[in-house]
K.L.:
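Shown below is the structure under consideration.
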Amino acid sequence: MIKRVEILGIPFIHTTQDEFIARLLQDALDNKKRFVVTANPEIVMNARDDLDFKQVVLSADYITPDGVGILMAAKQQGNPLPERVTGFDTMQGILTQAVKHNLKIYFLGAKPDVNKAMQEKLKECFPALKIAGCRHGYFNLQESAEIVQEIKNTGADFVFVALGSPAQEKWIMSHFNTFEKGIFMGVGGSFDILSGTVKRAPKIILKLRIEWIYRFVTNPSRWRRFFAIPRFMKAVNRENRRNVK
């Protein structure tokens, strides 16, 4: 039985980063099909505002706490989660394990130049990695159908989709039932980091759990997205008060 902690109607898996990577690896080795959502406060609030998107999120096999706000909310509820389980760290861990176990990875998303740069970085950092395919995230409906068929033909064990949320989760869910195997996960801007186009926060920032501040300072154009954090915490506090009564 998988332990989960529910926050604002979203059931988060209770696990560590290393444990989760090991779980996904075993699922892949067993030829399982899995849908993973790495959810931060913004995704939770989007799910509250968009019921269709909420159903997509709830259809996931695993929902991980990708955000310090999720950890804070779980602690307030008296059901703390061990740590953040992020899309980028999960992907990095899987790439390392994929080389060891001869697993195939398909990468879908990001801008054409970013996707191309990522492919070069992958060859440099993971020369033995079996890349099932790489496609950028600018495609039409016909091309989408071709991508789905291509993924099936390659027999990819992992499919990382970097279309941004909620587009990536909706794309995965809309085609998920047509696949027989594969671990599908939306990874947001992870290809930008993997390609070297965008730098991840320094380790000390990650350790202090203030990566969101770093992102805001380095990319202020995203300022509207940060309103989701106070909205999320306000909703959590309201829910906690309701449960006390």
Side-chain angles (χ1 to χ4, degrees), residues 1-21 23 34-91 163-170 172-173 185-190 200-201 204-245:
M1 178 71 72
I2 299 175
K3 183 179 179 181
R4 290 182 168 83
V5 175
E6 186 171 308
I7 299 172
L8 299 181
I10 305 299
F12 288 88
I13 185 172
H14 186 285
T15 188
T16 66
Q17 183 69 73
D18 289 343
E19 288 171 349
F20 189 62
I21 291 170
R23 176 182 289 274
R34 297 286 187 258
F35 173 24
V36 181
V37 172
T38 60
N40 56 20
E42 182 184 6
I43 287 179
V44 173
M45 296 312 294
N46 285 344
R48 283 172 68 86
D49 297 335
D50 181 347
L51 294 181
D52 288 337
F53 178 52
K54 184 175 183 178
Q55 290 307 309
V56 169
V57 173
L58 292 177
S59 69
D61 296 283
Y62 308 124
I63 304 172
T64 74
D66 186 351
V68 66
I70 305 298
L71 301 186
M72 292 170 60
K75 187 176 181 179
Q76 283 187 19
Q77 291 181 179
N79 294 304
L81 290 161
E83 62 182 350
R84 288 179 64 198
V85 179
T86 73
F88 182 77
D89 290 322
T90 299
M91 181 177 69
L163 301 177
S165 185
Q168 60 195 21
E169 289 82 17
K170 289 183 176 181
I172 292 171
M173 196 63 244
M185 184 172 77
V187 293
S190 293
R200 201 181 188 194
I204 185 62
I205 297 294
L206 297 173
K207 187 175 181 179
L208 293 173
R209 298 180 176 180
I210 53 174
E211 187 178 4
W212 66 274
I213 296 178
Y214 177 84
R215 289 181 179 177
F216 178 74
V217 172
T218 56
N219 191 358
S221 63
R222 293 160 52 104
W223 66 270
R224 287 185 178 85
R225 300 180 61 177
F226 293 96
F227 280 113
I229 298 175
R231 283 185 62 223
F232 170 78
M233 295 310 302
K234 185 177 180 180
V236 168
N237 292 332
R238 188 185 305 119
E239 186 75 11
N240 289 342
R241 289 195 297 270
R242 185 181 299 119
N243 291 336
V244 169
K245 294 178 180 179

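These numbers were taken from a predicted model, which means no experiment stands behind them.
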K.L.:
Check whether Glu169 reaches the backbone of Val57 with its side chain - one donor and one acceptor, N or O, closer than 3.5 Å.
P.N.:
no
K.L.:
Partners of Gln168 by side chain to side chain donor-acceptor pair (under 3.5 Å), sequence neighbours excluded?
P.N.:
none
K.L.:
Could you state the interatomic distance from CD1 (Ile10) to CG (Leu58), rounded to the nearest 0.5 Å?
P.N.:
4.5 Å
K.L.:
Could you pull out all residues at least two apart from Lys54 that satisfy salt bridge (charged side-chain N to carboxylate O under 4.0 Å, His left out)?
P.N.:
none
K.L.:
Can you name the residues that form a ring-ring contact (aromatic ring centres under 6.0 Å, His included) with Phe232, not counting sequence neighbours?
P.N.:
none
K.L.:
Mind checking side chain to side chain donor-acceptor pair (under 3.5 Å) for Gln55 and listing every partner two or more places apart, or none if nothing turns up?
P.N.:
none
K.L.:
Side chain to side chain contact (heavy atoms under 4.5 Å, CB included) with Ser59: which residues, sequence neighbours excluded?
P.N.:
Phe35, Met173
K.L.:
Ignoring hydrogens, what is the shortest heavy-atom contact between Ser190 and Gly87? Give both atom names and the distance.
P.N.:
OG-C, 4.3 Å
K.L.:
Distance-only check: which donor-acceptor pairs under 3.5 Å involve side-chain atoms of residues 69-81, not counting sequence neighbours?
P.N.:
unit_1 : atom_1 : unit_2 : atom_2 : d
Gln77  : NE2    : Glu6   : O      : 3.0

K.L.:
Any side-chain heavy-atom pair from Pro41 and Val68 closer than 4.5 angstrom?
P.N.:
no
K.L.:
Would you compute the distance between atom CD1 of Ile43 and atom CG of Asp50 and round it to the nearest 0.5 angstrom?
P.N.:
12.5 Å
K.L.:
Salt bridge (charged side-chain N to carboxylate O under 4.0 Å, His left out) with Arg231: which residues, sequence neighbours excluded?
P.N.:
Asp49
K.L.:
Quick check for you: to the nearest 0.5 Å, what is the distance between Lys170 atom NZ and Leu163 atom CG?
P.N.:
12.5 Å
K.L.:
Over all heavy atoms of both residues, which pair between Met45 and Leu8 is shortest? Give the atoms and the distance, please.
P.N.:
SD-CD1, 4.4 Å
K.L.:
How long is the gap from CZ on Phe53 to CZ on Arg48, to the nearest 0.5 Å?
P.N.:
14.0 Å
K.L.:
Output all residues satisfying side chain to side chain contact (heavy atoms under 4.5 Å, CB included) with Thr38, sequence neighbours left out; order by chain, then residue number.
P.N.:
Val36, Thr64, Asp66, Met185
K.L.:
At what distance, to the nearest 0.5 angstrom, does CZ of Arg4 lie from OG1 of Thr15?
P.N.:
10.5 Å
K.L.:
Restricting to non-hydrogen atoms, name the atom on Val37 and the atom on Ala60 that form the minimum distance, rounded to 0.1 Å.
P.N.:
CG2-CB, 3.7 Å
K.L.:
Quick one: ring-ring contact (aromatic ring centres under 6.0 Å, His included) partners of Phe12, sequence neighbours excluded?
P.N.:
none
K.L.:
For the atom pair CZ (Arg23) and CD1 (Ile21), what is the distance rounded to the nearest 0.5 Å?
P.N.:
13.0 Å
